[in-house]
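Notes follow once the structure below has been shown.
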There are 2 protein chains.
Amino acid sequence: MRLSEGVEWGLHCAAVLAFVPEGKGLPATKLAEYHGVPGAYLAKSLQSLSRARIVEALPGRNGGYRLARPADEITVLDVVEALDGAEPAFRCTEIRRRAPFKIPKSDFQIPCSIHTVMDRADAAWRAELRTVSIADILGMFVQHVSPETITKGAHWLEEALP
Amino acid sequence: MRLSEGVEWGLHCAAVLAFVPEGKGLPATKLAEYHGVPGAYLAKSLQSLSRARIVEALPGRNGGYRLARPADEITVLDVVEALDGAEPAFRCTEIRRRAPFKIPKSDFQIPCSIHTVMDRADAAWRAELRTVSIADILGMFVQHVSPETITKGAHWLEEALP
DNA sequence: GGAGTGATACTCGGATATCTGGTGTCCGAGTTTTCGCGG
DNA sequence: CCGCGAAAACTCGGACACCAGATATCCGAGTATCACTCC
């Protein structure tokens with residue numbers, strides 16, 4: 001079980017986009033060169049985030065991406081599900097039905113025990129991700145990083161914005 | 001993020017193997033036809049379980065597989081990690097280091113915030129799976145299924161064992 | 001000088017190749033059973 | 001009738017193809033900007 005690389009990119013992008021001022025947008029190209037990742041592929045991830053209404057795209061010459069909502073109203077789970085899909089990792093194929101002897105239908109009214117357990121774990125995973133917002137991520141970030149780095153980042157953003 | 005199909009098979013197999021009496025083994029072929037899955041591929045999963053000391057293989061003519069430990073000492077997490085690997089789903093590639101300006105090394109002493117959050121969710125997922133044993137799965141099973149089905153299953157196992 | 005208009009440059013969006021890892025299959029090594037033979 | 005031995009049949013174990021989804025890339029659609037022209 002491996003999470004797509006795009007999830008990591010998307011989360012970092014959301015963190016950067018939180019600093020984009022009202023009315024402006026940061027082009028995908030800039031986001032890509034900031035993180036040192038292939039721009040053409042990052043665009044694909046950003047499109048998924050756009051479809052999920054997590055970021056919004058400003059078209060046109062001085063366009064770009066920006067958060068569609070305040071950073072404290074975007075959870076990490078939102079980003080993960082937008083990029084990775086919301087289907088649970090475990091897919092029950094109901095192989096319990098394939099036993100080589102006849103089983104009454106009533107036995108299958110109750111969900112498969114294994115399915116239940118895996119779903120519970122999946123719910124715990126998602127619940128954990130739902131408790132953390134992009135704003136929280138930024139909070140953890142600024143708490144640990146040197147003020148000098150914050151300044152440099154802000155400066156870089158100034159130059160990158162149209 | 002998708003969990004391998006073999007995980008489902010492995011869990012169901014572990015549940016069935018819990019009924020194999022002391023000293024005997026159930027061949028992989030029988031397990032495959034019971035679950036209606038390709039036997040050659042199921043063998044691959046069973047080998048992984050064998051390497052992880054979750055099941056043990058009895059070689060020879062009347063050989064087969066059996067649980068290596070009592071069912072209440074095998075957690076669902078054991079099976080999942082044996083088949084899917086124990087590495088966390090999220091892999092941090094430290095893209096925070098690639099920013100196009102110089103960042104002091106000290107900023108990277110603290111683990112990446114995003115990495116931390118994802119790891120915490122991963123831990124919650126694994127913790128949930130660790131609380132459930134194969135014996136618990138069986139308990140949930142016999143609680144809901146009709147006694148008739150249990151009898152049929154026991155009968156099938158009688159015939160399948162050498 | 002100001003407004004209108006066309007061209008332009010830059011943006012996003014979806015459709016298109018490539019490649020790694022899961023999926024599926026095969027044959028060889030090893031052990032227990034079993035059958036046959038001799039005592 | 002019993003013990004021994006060799007062959008056989010069945011088991012697991014690892015090495016070899018195949019395919020779907022993630023990765024990576026491209027080109028087309030659309031819009032704000034800008035420059036130029038005309039009034």
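Note on naming: letters A, B, ... go to the chains in the order of the sequence lines (proteins, then strands), and numbering restarts at 1 for each one.
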Counting the atoms with a prime plus P, OP1 and OP2 as sugar-phosphate, which does [X] contact under 4.0 Å by heavy atoms, base, sugar-phosphate, or nothing?
X       : result
A:Gly64 : sugar-phosphate
A:Ala57 : sugar-phosphate
A:Ser50 : sugar-phosphate
B:Ala28 : sugar-phosphate

Starting at [atom1] of [X] and ending at [atom2] of [N], how long is that distance when rounded to a whole Å?
X       : N      : atom1 : atom2 : result
A:Lys24 : D:dA32 : NZ    : P     : 16 Å
B:Lys30 : D:dT11 : NZ    : P     : 8 Å
B:Trp9  : C:dG22 : CH2   : P     : 14 Å
A:Glu56 : D:dT31 : CD    : P     : 16 Å
A:Glu8  : D:dA22 : CD    : C1'   : 15 Å
A:Arg91 : D:dA20 : CZ    : P     : 13 Å
B:Leu58 : C:dT33 : CG    : P     : 11 Å
B:Asp84 : C:dG22 : CG    : P     : 8 Å

Nucleotide of [options] approaching [X] most closely (side-chain heavy atoms):
X       : options                : value
A:Lys44 : C:dT23, D:dA24, C:dG21 : D:dA24
A:Pro38 : D:dT25, C:dT25, C:dG13 : D:dT25
B:Arg61 : C:dT32, C:dG13, D:dA24 : C:dT32
B:Pro27 : D:dT25, C:dT23, D:dT11 : D:dT11
B:Gln47 : D:dG13, D:dC16, D:dA24 : D:dG13
A:Arg51 : C:dG22, C:dG14, D:dC26 : C:dG14
A:Pro59 : C:dT33, C:dG22, D:dT31 : D:dT31

**Report entry** A:Arg66 side chain near A:Leu58 side chain, heavy-atom distance below 4.5 Å
**Finding:** yes

Query raised in the report: So, do A:Leu83 and A:Trp9 sit near enough that their side-chain heavy atoms are less than 4.5 Å apart?
Result: no

Query raised in the report: Side chains of A:Asp72 and A:Ser133: do they bring a donor and an acceptor to under 3.5 Å?
Result: no

Query raised in the report: Mapping A:Leu46 and B:Gly60 onto DNA chain C by nearest heavy atom, which one lands closer to the 5' end?
Result: A:Leu46

**Report entry** Nearest-nucleotide 5' precedence on DNA chain C, A:Arg2 against A:Ala43
**Finding:** A:Ala43

Report task. May I ask you to verify if any side-chain N or O of B:Tyr65 is less than 4.0 angstrom from the OP1 or OP2 atom of D:dG13? Result -> yes

Query raised in the report: C:dT25 phosphate, OP1 or OP2: any side-chain N/O from B:Tyr41 under 4.0 angstrom?
Result: no

Requested in this report: Map A:Leu42 and B:Asn62 onto DNA chain D by nearest heavy atom, then report which one ends up closer to the 5' terminus.
Outcome: B:Asn62

Report summary line: B:Ala160 and B:Leu26 have their tightest heavy-atom pair at CB-CD1, 3.8 Å

Report task. Answer yes when B:Arg96 and B:Glu94 have at least one side-chain N-carboxylate O distance shorter than 4.0 Å, and no when they do not. Result -> yes

Requested in this report: Before giving the answer on side chain to side chain contact (heavy atoms under 4.5 Å, CB included), spell out for A:Cys13 and A:His35 the whole-Å C-alpha distance, their side-chain angles and the decisive distance to 0.1 Å.
Outcome: CA-CA 8 Å; A:Cys13 284; A:His35 292 116; 3.9 Å; yes

